[in-house]
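Below, each value reflects all heavy atoms present in this structure, side chains not excepted, and no hydrogens, waters or symmetry copies. Quantities reported herein were computed from a predicted structural model and do not represent experimental measurements.
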Amino acid sequence: MGIKCAKLLYIWYYVIYMKKRLLSGIQPSGTLHLGNYFGAIKQFVDLQESYDTSIFIADFHAITTVQNGDILRNNILNVAMDYLACGLNPDKICLFKQSDIPEVTELAWYFNCITTMPFLERATSYKDAHMKAKEVTVGLFDYPILMAADILIQNADVVPVGQDQKQHIEYARDTAIKFNNLYGETFKIPEPIIMKEVAIVPGIDGRKMSKSYKNTIPLFGTNEEIKKAVMSIITDSKTPAESKNPEDCNIFKIHKLFLKGEELKNLEKRYRDGGLGYKESKDMLYEEIISFIGPMREKRKEYENDVSKVYQILENGKEKARKIINEKMSIIRKKVGVTI
Ligand code: TRP
C-alpha cells in the first residue's frame with residue numbers, strides 16, 4: 001500500500017512539475033529585421049517559460065550555405081547576442097552551440113546508414129535546390145538527418161519551428177521510429193509546434209517583410225538605417241490635407257505592431273479626418289520603433305561591450321547539454337554495436 005501511494009505521488013509530482021522538453025535550433029544567418037521579431041522570435045521567447053527549454057545555434061547546418069570561417073564566427077556571436085537581447089533568458093534555458101555537441105554528426109552517421117536516398121530526395125528543401133539547378137552538396141542533401149540527430153539526441157518532446165521546417169520534424173519522427181524498430185526503444189517521437197505567422201509584417205513596399213525582397217526594417221540597425229528604411233516606406237501621393245484610408249497605408253500597417261487601443265484609434269481617426277501627412281506618420285513610426293527597441297538595444301550593447309559574457313553563457317549551455325548527450329550516446333553506441 002505504501003509503495004503504491006509513493007508511486008502515485010511520484011506520478012502526480014511528475015505530471016505537475018516535470019516540464020516537457022522543448023528544443024529548437026536557430027540558423028546564424030545575417031541580421032534580424034522587424035518581421036523576424038514579430039513573426040517568430042517573440043513567440044519563441046514567450047514559450048521558454050512553459051517548457052524545459054534548450055535552444056542552440058545551428059552552426060553545423062549553417063555551413064551548408066556559409067563557407068567562410070570569419071563570417072560564420074561573426075554570425076554565431078551576433079545571433080547569440082540578438083536572441084539574448086530579444087529576451088531569451090540564459091538563467092532559465094540552456095543556450096548552446098550545435099558544434100559543442102559534435103556527437104550529433106556521429107548520430108547523423110548512424111542514421112545515414114539506415115536512411116535511403118529516395119527518402120531524402122522527397123525533402124522539399126532538397127527539391128527546391130535541385131529545381132533551381134543548383135549543385136546540391138551532400139551536406140544540404142543530408143540536412144534533415146543532421147536535424148533529426150539534433151532533436152533525437154536531446155530527448156526533445158516538442159520542437160517549435162516555422163511552417164517551412166515542418167517536413168524536417170517529420171523526418172526526425174520517421175527516423176526515430178525506424179531506429180527504434182531496428183535496435184529497440186531508444187528515441188522519443190518528437191512533436192512539432194508550428195509557429196504560425198501571428199503577424200505577417202509588411203515590408204516598406206507593402207509585401208511581406210523579407211530579406212529576399214530587400215524591403216526590411218532592421219531590428220538592431222543604427223538610428224540612421226532605421227530612419228532611412230522608415231522614410232522609404234511606399235505610399236500613394238495624397239496630400240497631407242486629404243482624408244486617407246489607414247488600411248491601405250503601408251505605414252499604418254506597421255504602426256499596428258506598436259500601437260494598441262486608444263492610441264491606434266486616434267491615429268486611425270487622424271488618417272480618416274485628413275490633415276495627417278505621410279511624413280508625419282513616418283516620423284511617428286520612427287519614434288515608436290526606436291522606443292520599442294530601446295531596451296533590447298541596451299541589452300545588446302551590454303553584451304557587445306563584454307563579449308566574454310556571451311561566451312560564458314554558451315559555455316554553461318554546453319556543460320548542461322553535454323550531461324544529457326553523454327548518457328544518451330553511450331546507450332546508442334551500445335545498441336549500434338560500436339562499444340565492445
Ligand atoms: N533548420 C532549422 C532552420 O533553418 C534550424 C535547425 C537545425 C533546427 N536543427 C534544428 C530547428 C533542430 C529545430 C530543431 O530554422
Side-chain angles (χ1 to χ4, degrees), residues 24 26 29-49 78-79 81-89 160-164 193-236 238 244-273 276-301:
S24 198
I26 43 188
S29 53
T31 28
L32 297 178
H33 52 74
L34 286 181
N36 296 135
Y37 181 79
F38 286 102
I41 301 173
K42 189 173 173 296
Q43 297 177 68
F44 226 50
V45 170
D46 291 344
L47 281 171
Q48 66 179 337
E49 302 283 331
N78 273 310
V79 83
M81 291 194 291
D82 283 342
Y83 275 73
L84 287 166
C86 286
L88 279 192
N89 182 346
V161 285
Q163 178 67 31
D164 63 321
I193 295 180
I194 302 302
M195 299 195 289
K196 296 258 161 22
E197 292 224 17
V198 270
I200 296 255
V201 180
I204 58 176
D205 59 358
R207 291 186 293 174
K208 180 187 166 187
M209 192 180 286
S210 158
K211 235 191 309 191
S212 48
Y213 293 153
K214 296 192 171 42
N215 64 354
T216 60
I217 300 177
L219 188 61
F220 291 115
T222 61
N223 287 0
E224 290 69 38
E225 284 166 336
I226 293 172
K227 185 150 222 157
K228 192 169 159 231
V230 170
M231 290 307 153
S232 39
I233 296 174
I234 295 173
T235 62
D236 57 30
K238 287 203 172 85
K244 303 169 182 71
N245 180 359
E247 299 305 330
D248 290 342
C249 174
N250 292 329
I251 316 166
F252 187 81
K253 286 180 195 157
I254 307 177
H255 273 296
K256 272 180 156 174
L257 299 169
F258 301 98
L259 299 180
K260 298 279 163 287
E262 279 303 299
E263 283 182 315
L264 190 66
K265 271 198 195 127
N266 286 341
L267 184 66
E268 199 171 345
K269 187 170 179 312
R270 291 196 58 199
Y271 261 81
R272 294 195 194 282
D273 288 351
L276 175 77
Y278 290 128
K279 171 73 172 54
E280 188 186 345
S281 181
K282 284 178 178 178
D283 286 339
M284 287 167 68
L285 179 62
Y286 170 74
E287 293 302 329
E288 284 157 28
I289 296 175
I290 295 298
S291 76
F292 179 80
I293 59 176
M296 300 202 284
R297 252 188 186 170
E298 263 165 46
K299 222 180 200 179
R300 202 181 190 286
K301 268 266 137 45

**Q** According to side-chain hydrogen bond (donor to acceptor under 3.5 Å, both in side chains), who are the partners of E288, at least two apart in sequence or on a separate chain?
**A**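 With sequence neighbours excluded, E288 shows a side-chain hydrogen bond (donor to acceptor under 3.5 Å, both in side chains) to H255, given in chain and number order.
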**Q** Among residues at least two apart in sequence or on other chains, which ones pass salt bridge (charged side-chain N to carboxylate O under 4.0 Å, His left out) with E280?
**A** R270
**Q** So, using side-chain hydrogen bond (donor to acceptor under 3.5 Å, both in side chains) as the criterion, who are the partners of K211 when residues are at least two apart?
**A** none
**Q** Would you please name every residue forming a side-chain hydrogen bond (donor to acceptor under 3.5 Å, both in side chains) with S212, sequence neighbours left out?
**A**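 By the side-chain hydrogen bond (donor to acceptor under 3.5 Å, both in side chains) rule, S212 matches S210.
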**Q** ring-ring contact (aromatic ring centres under 6.0 Å, His included) with Y271: which residues, sequence neighbours excluded?
**A**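 Residues passing ring-ring contact (aromatic ring centres under 6.0 Å, His included) with Y271: F252.
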**Q** Just do the side chain to side chain contact (heavy atoms under 4.5 Å, CB included) check on S291 and F258 with the steps written out, would you?
**A** CA-CA 10 Å; S291 76; F258 301 98; over 6 Å; no
**Q** What donor-acceptor contacts under 3.5 angstrom involve side-chain atoms of residues 30-40, with partners at least two apart or in another chain?
**A**
residue: H33; atom: ND1; partner: G35; partner atom: N; Å: 3.1
residue: H33; atom: ND1; partner: N36; partner atom: N; Å: 3.3
residue: N36; atom: OD1; partner: H33; partner atom: N; Å: 2.9

**Q** For K228, check salt bridge (charged side-chain N to carboxylate O under 4.0 Å, His left out) against everything at least two apart and list the hits.
**A**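 Result, salt bridge (charged side-chain N to carboxylate O under 4.0 Å, His left out) vs K228: none returned.
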**Q** Main chain of I234, side chain of N250: is a donor-acceptor contact present, judged purely on distance under 3.5 Å?
**A**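 Yes; judged by distance alone, with no hydrogens or angles, the pair exists.
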**Q** Just jot down the side chain to side chain contact (heavy atoms under 4.5 Å, CB included) partners of E287, sequence neighbours excluded, or say none.
**A**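 Partners of E287 by the side chain to side chain contact (heavy atoms under 4.5 Å, CB included) criterion come out as none, since no residue qualifies.
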**Q** Which residues satisfy the side-chain hydrogen bond (donor to acceptor under 3.5 Å, both in side chains) test with R297, sequence neighbours excluded?
**A** N223
**Q** Between Y213 and K208, which heavy-atom pair has the shortest distance, and what is it?
**A**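 Heavy atoms only, the tightest pair is CD1-O, 3.2 Å.
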**Q** So which atom in C86 and which in V45 form the shortest heavy-atom distance, rounded to 0.1 Å?
**A**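 Scanning both residues completely, I find the closest heavy atoms to be O-CG2, 3.7 Å.
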**Q** Applying salt bridge (Lys or Arg N to Asp or Glu O under 4.0 Å) as the test, list every pair that has at least one member in residues 250-259; sequence neighbours left out.
**A** E247-K256
**Q** Taking only residues two or more places apart in sequence, or in another chain, which ones meet K299 in a salt bridge (charged side-chain N to carboxylate O under 4.0 Å, His left out)?
**A** none
**Q** Go through the steps to decide whether L267 and L276 satisfy the test side chain to side chain contact (heavy atoms under 4.5 Å, CB included), and finish with yes or no.
**A** CA-CA 9 Å; L267 184 66; L276 175 77; 3.9 Å; yes
**Q** By side chain to side chain contact (heavy atoms under 4.5 Å, CB included), which residues pair with T222, not counting sequence neighbours?
**A** E224, E225
